[in-house]
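Whatever order the structure lists them in is the order used to number ligands and atoms, beginning at 1.
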Amino acid sequence: MYKKEQYYQKVITSLLNGMHFLEADYYRPQWHVSAPIGLLNDPNGLVHHKGNYHLFYQWNPFSCEHGIKAWGHMISKDLVSWKHLFPALIPEEEYESHGCYSGSAIVVNDQIKLFYTGNVKFKKGRTAYQCLALLNSDGSVQKLGPVISLPKGYTGHVRDPKVWRYGENYYVVLGAQDIHKQGKVIWYRSSDLENWIFLGELAGSRLNGFGDFGYMWECPDLFHLKGKDVLLFCPQGLTKQYECFANLFQAGYVIGKLNYQTNSYQHGAFQELDLGFDFYAPQTMEDEQGRRILIGWMGLPDENEAYHPTIKSGWIHQMTCPRVLTLNNGKLCQQPVDELKNLRSDKIESSSIANDIPSFPMISSEMIVKGEANYQIKLSDVILIEVNNIGLILKRKNWRTHSWESRTWQGTLDELHVLIDRSSIELFINNGDAVLSSRFFSNKESTNISFNGEAMIHLIYWKLSK
Ligand code: FRU
């Protein structure tokens, strides 16, 4: 546990010592969000209030390992340029001794309220408190302490509160593990955000059509979209099934109808949100224009983490770009927010067979590709996109094993929209019907995009910069 001043001083020292290495790092994103130093993971507390987007994030400012987390804090007017503020929540109290874990924000009477998990570890085992704090307009917080403690029937893995309002009441979903080691989403109701009534299990392994579906569900999010109630969550412990569940942990959703009278939720099958190598713990917010916007962590708590080439420069991980969600034919579609178009310059348009397209600088760029199947796009020496009659394969040279690995999407490709930012790539297929997000670390001498194949394709390319 820390005292505030001591913590801030340590953050400033860490920043001053690391600045030089960070600035020199080629892999540092130009326009995606990353932490000023140290390790960033989940987006937290997404909210749009009085014209400002707030993005909090899980942050260890002192090293590139997970450790004891604080909430980093950034604001933006346009989802493109972000300003860093002092960390909002830092682990100061007994009930958060091992970290201010993930959570959400809600605006009540013109004030932003933060919900998060106070993570407490013992020599053997752990417990979790769901806590409430108020964000003052100067960015400081007033902690009100725990409002929900561990319910009976669950292990110490209960966390990541996402709060919303419906009618006169507030509701919260939490990721949980029951004592039989099954992943669940549980939920509560309150009329004042401080006194909460347990409503039971909203969804989970062995409930409502799920068989065994993981030993823990993290980071739930529940929202209403186009007449449906969508539940996002991150199950841990699923077995890989052919092209599905290819990563160590998953992030996905079910679509259904929530009954607030009977406290029950009927929903369809689980679908993955992103088929790339690096995507986890997404969170959404409704902005003041009524858009449902998602930001995810472009990373995973997995075996590659310890080998990230950026660790030697003192930082690790970044967020995805902000994406607008829509519901189409029983599927969530994701499209980059329109504001990102302001980054475009130096447009080039070309129609020819793939082999005849000249190569372009990769650094930070955007491409829209349409055309026949059977072509490849090579990005630097470590990423290859193959478009064929079955669909699309994203190949990446793993930075730990140095062997090629792949992720596949099956279908007919009408349009491929690619966003590149130095060490990240996001592929949006057919207007966001499928998305693949991945990090990659190219050789710095090999940073071009080149095309290959006999297919006729139409390409639009832009440089992206702030
Ligand atoms: C997901 C997660 C959350 C937890 C946070 C800790 O990546 O494990 O469940 O609150 O990260 O940083």
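- There is no side-chain donor-acceptor pair under 3.5 Å between Ser437 and Glu426.
- Near Tyr101, meaning under 4.0 Å from any of its heavy atoms, are these atoms of ligand 1: 4 (C), 6 (C), 10 (O).
- Side-chain contact annotation: Asn119 with His98, donor-acceptor N/O pair under 3.5 Å absent.
- If you check which protein heavy atom lies closest to atom 4 (C) of ligand 1, you get Asp160 OD1, 3.5 Å.
- Proximity to Ser102 (heavy-atom distance under 4.0 Å) selects the following atoms of ligand 1: 5 (C), 10 (O).
- Residue-level proximity to ligand 1 for Asn41 is carried by the side chain, the only part with a heavy atom below 4.0 angstrom.
- Close N/O approach between Lys69 and ligand 1 is found [any backbone or side-chain N/O within under 3.5 Å].
- For atom 12 (O) of ligand 1, the nearest non-hydrogen atom of the protein is Gln58 OE1, 2.7 Å.
- If you take CZ on Phe233 and CG on Leu174, they are separated by 14.5 Å, rounding to the nearest 0.5 Å.
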_Asp25 vs Lys312, salt bridge (charged side-chain N to carboxylate O under 4.0 Å, His left out): CA-CA, chis, key distance, verdict_ = CA-CA 9 Å; Asp25 190 344; Lys312 62 176 181 312; over 6 Å; no
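- Nearest protein heavy-atom contact of atom 8 (O) of ligand 1 is Glu218 OE2, 2.8 Å.
- Using a 3.5 Å distance cut-off with no hydrogens or angles, the side chains of Gln58 and Asn44 do pair a donor with an acceptor.
- Protein heavy atom nearest atom 5 (C) of ligand 1, with residue, atom name and distance: Asp42 OD2, 3.4 Å.
- Note that OH of Tyr7 is 12.0 Å distant from CD1 of Ile12, once rounded to the nearest 0.5 Å.
- The line from CH2 of Trp196 to CG of Leu193 is 5.0 Å long, rounded to the nearest 0.5 Å.
- Within ligand 1, the atoms closer than 4.0 Å to a non-hydrogen atom of Tyr280 are 1 (C), 7 (O), numbered from 1 in the order shown.
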